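When a ligand or atom number is given, it counts from 1 through the structure's own listing order. Given the structure is predicted, the values throughout are model-derived calculations rather than measurements.
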Amino acid sequence: MTDRTRIYLYDTTLRDGAQTQGVDFTAADKAAIARELDGLGIDYVEGGWPGANPTDDAFFADPPAFRRARLTAFGMTRRPGRSAGNDPGLNALFNATDRVPGAGVCLVGKTWDFHVDVALNIPRGENLDLIRDSVAETAARGREPLFDAEHFFDGYKANPDYALACVRAAHEGGARWIVLCDTNGGSLPHEVEAIVAAVARVIPGERLGIHCHNDTENAVANSLAAVRAGARMIQGTLNGLGERCGNANLISLIPTLTLKMGYETGVDEAGMRRLVHVSRLLDDRLNRAPNRHAAYVGESAFAHKGGLHVSAVEKDPSCYEHVPPESVGNRRHVVVSDQAGRSNVLARLREVGIAIDSGDARVGELVEAVKRREFEGYAYDGAEASFELLARRTLGQLPDYFRLISFRVLDERRWNAQGQLVTLSEATAKLEVPGVADALMTVAEGNGPVNALDTALRKALLPAYPHLDGMRLVDYKVRILTPQDGTKAVTRVMIETRMPDGAPWVTVGVSANVIDASYNALFDSITYCLYRAGATVPSA
Ligand SMILES: CC(=O)SCCNC(=O)CCNC(=O)[C@H](O)C(C)(C)COP(=O)(O)OP(=O)(O)OC[C@H]1O[C@@H](n2cnc3c(N)ncnc32)[C@H](O)[C@@H]1OP(=O)(O)O
Ligand SMILES: CC(=O)C(=O)O
């Protein structure tokens with residue numbers, strides 16, 4: 001036990017997060033994410049809105065058993081003209097949570113007079129009854145009642161007395177938490193802090209929560225402002241998923257509350273070290289590339305690129321790091337690029353296991369080579385496999401696994417026998433492998449020139465280097481570096497490759513000819529695969 005103030009965390013990834021454009025969870029996704037949230041130490045996991053769609057019904061029909069989180073169902077206050085006990089919407093929530101010990105039910109209700117007039121079109125007094133009755137019925141059914149005060153901040157600005165009357169009605173109904181929602185996401189931190197402080201004079205802060213949207217990029221800041229003003233619960237989502245621009249990002253809030261503001265949450269130190277894992281797990285489920293620049297958990301959150309930064313970080317990481325990367329399960333990363341100095345190169349060499357004396361003249365050569373090649377268009381920031389190969393070549397540590405004699409690529413666009421227009425590519429590669437008497441020549445077809453060339457190269461090399469079996473190109477990006485040159489522009493190709501059981505690696509190639517640039521990146525990719533697999537050059 002500590003004497004730090006406890007902030008309760010309420011995750012709405014599976015409900016408000018499901019309102020993100022492009023997000024479509026299955027019931028299995030929901031169950032997997034819910035289990036992670038429970039394991040992380042989140043206090044409340046909102047599973048969805050039972051009765052609203054079959055996925056949420058399926059999730060609540062077979063909810064995951066939690067170690068400590070409270071499973072919560074979301075819904076709205078009763079419809080006008082019905083009693084809470086007979087409201088089908090409310091009953092769907094009660095039925096869905098019937099067999100869930102300690103379940104919560106979170107009801108959204110209107111608190112902005114304008115919405116009561118326009119959206120509900122009922123007398124304002126009747127809306128107060130809707131809120132009070134629905135919350136009271138929830139408590140009577142043995143669920144923990146929570147009230148999401150929709151549009152509270154806009155409502156308070158328009159008519160503070162009415163907005164306060166709404167949250168008082170929820171309080172009278174027995175709400176455990178009254179959650180002030182910045183539904184349209186337009187409020188700013190100083191407004192949130194002042195308004196929450198005013199509410200905390202009427203409803204105790206121990207019962208107040210905050211739910212912010214990110215429409216001014218202030219959802220996290222607004223949540224923190226509410227906590228400063230006395231709120232003790234935060235609703236948010238993993239990676240800031242949510243309607244429109246998203247919700248407050250719990251992945252950022254958790255370490256900020258703990259490491260910077262001295263609050264206690266249900267997420268302990270071990271949980272904090274799982275933040276990178278949990279954030280990436282969500283991206284994996286959604287088939288999204290993780291945001292490199294995400295605070296705390298992004299690949300770049302502790303990446304150091306500027307030479308001055310790296311030189312100081314080498315002496316003491318806290319020179320350029322606001323928290324230790326390990327505290328949130330992240331890692332420090334030194335980037336080599338044209339912004340680098342000797343310190344970047346030395347640190348990166350150490351990371352990949354190359355021992356070299358800091359005074360070795362070849363370090364300076366390598367720094368110069370990186371800067372010269374980046375000027376030509378190479379980008380080693382992101383193509384770390386190509387940097388490692390450049391370094392090992394400079395240091396004489398890289399065998400010549402093969403030598404290209406020539407390649408030729410043909411594209412043919414024609415009508416096939418079924419009357420469809422098809423474009424096929426064919427590549428011929430001629431290679432020399434040391435120790436193999438005759439030059440190797442192969443032909444391969446592909447759905448594009450790079451695919452054909454890649455297949456031809458590997459077909460030629462496989463007999464000598466079975467290590468390449470299973471190597472798979474997973475991403476291919478082309479960038480025009482000199483757009484002013486039109487179709488003669490210099491292009492940069494970045495290729496991401498992986499083996500079935502390993503981490504991917506990225507290589508880069510540059511040329512005015514896109515196939516040539518692709519070959520350069522493919523060459524590095526194959527070489528890196530062979531080096532990593534410990535391949536030896538065949539002997540004669
Ligand atoms: C701020 C938020 O994010 S709240 C959560 C929003 N999320 C969602 O809406 C996703 C899930 N929603 C749904 O699947 C559907 O909207 C349902 C099943 C809930 C309701 O569907 P329908 O019955 O077809 O109603 P519809 O969505 O068209 O309209 C909502 C109705 O609820 C009423 N309503 C809105 N808020 C409330 C409230 N807090 N209390 C009571 N009634 C409300 C509206 O006035 C409207 O009534 P009307 O049909 O008489 O005009
Ligand atoms: C409840 C909710 O999601 C909102 O008001 O934004």
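- Judged purely by distance below 3.5 Å, without hydrogens or angles, the side chains of Arg143 and Thr138 never pair a donor atom with an acceptor atom.
- The stretch residues 247-257 participates, sequence neighbours left out, in no salt bridge (Lys or Arg N to Asp or Glu O under 4.0 Å) pair at all.
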Which atom pairs, nitrogen or oxygen on both sides, join ligand 2 and the protein at under 3.5 angstrom?
from     : atom 1 : to     : atom 2 : distance (Å)
ligand 2 : 3 (O)  : Arg15  : NH1    : 3.3
ligand 2 : 3 (O)  : Arg15  : NH2    : 3.0
ligand 2 : 3 (O)  : Asp16  : OD2    : 3.0
ligand 2 : 3 (O)  : His211 : NE2    : 3.1
ligand 2 : 5 (O)  : Thr183 : OG1    : 2.6
ligand 2 : 6 (O)  : His211 : NE2    : 3.1
ligand 2 : 6 (O)  : His213 : NE2    : 3.0

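- Stacking of Arg15 on the aromatic ring of Phe74 is recorded, both the 6.0 Å distance cut-off and the 45° axial limit being met.
- For the residue pair Thr497 and Ser525, a side-chain donor N or O sits within less than 3.5 Å of a side-chain acceptor on the partner.
- Judged by a 6.0 Å distance limit and a 45° cone about the ring axis, Arg68 is not positioned over the six-membered ring of Phe66.
- Qualifying side-chain contact (heavy atoms from CB on, under 4.5 Å) partners for Ala61, counting only residues two or more places apart in sequence or in other chains: none.
- The closest side-chain heavy-atom distance from Ser187 to Lys157 is below 4.5 Å.
- Among the candidates Tyr8, Tyr44, Tyr10, the single residue satisfying the side chain to side chain donor-acceptor pair (under 3.5 Å) test with Trp177 is Tyr44.
- A donor-acceptor contact closer than 3.5 angstrom is absent between the side chains of Asn127 and His115.
- For ligand 1, the protein residues placed under 4.0 Å by at least one non-hydrogen atom are Arg15, Gln19, Trp49, Ala52, Phe74, Met76, Thr77, Arg78, Arg79, Val108, Gly109, Lys110, Ala119, Leu120, Glu150, Thr183.
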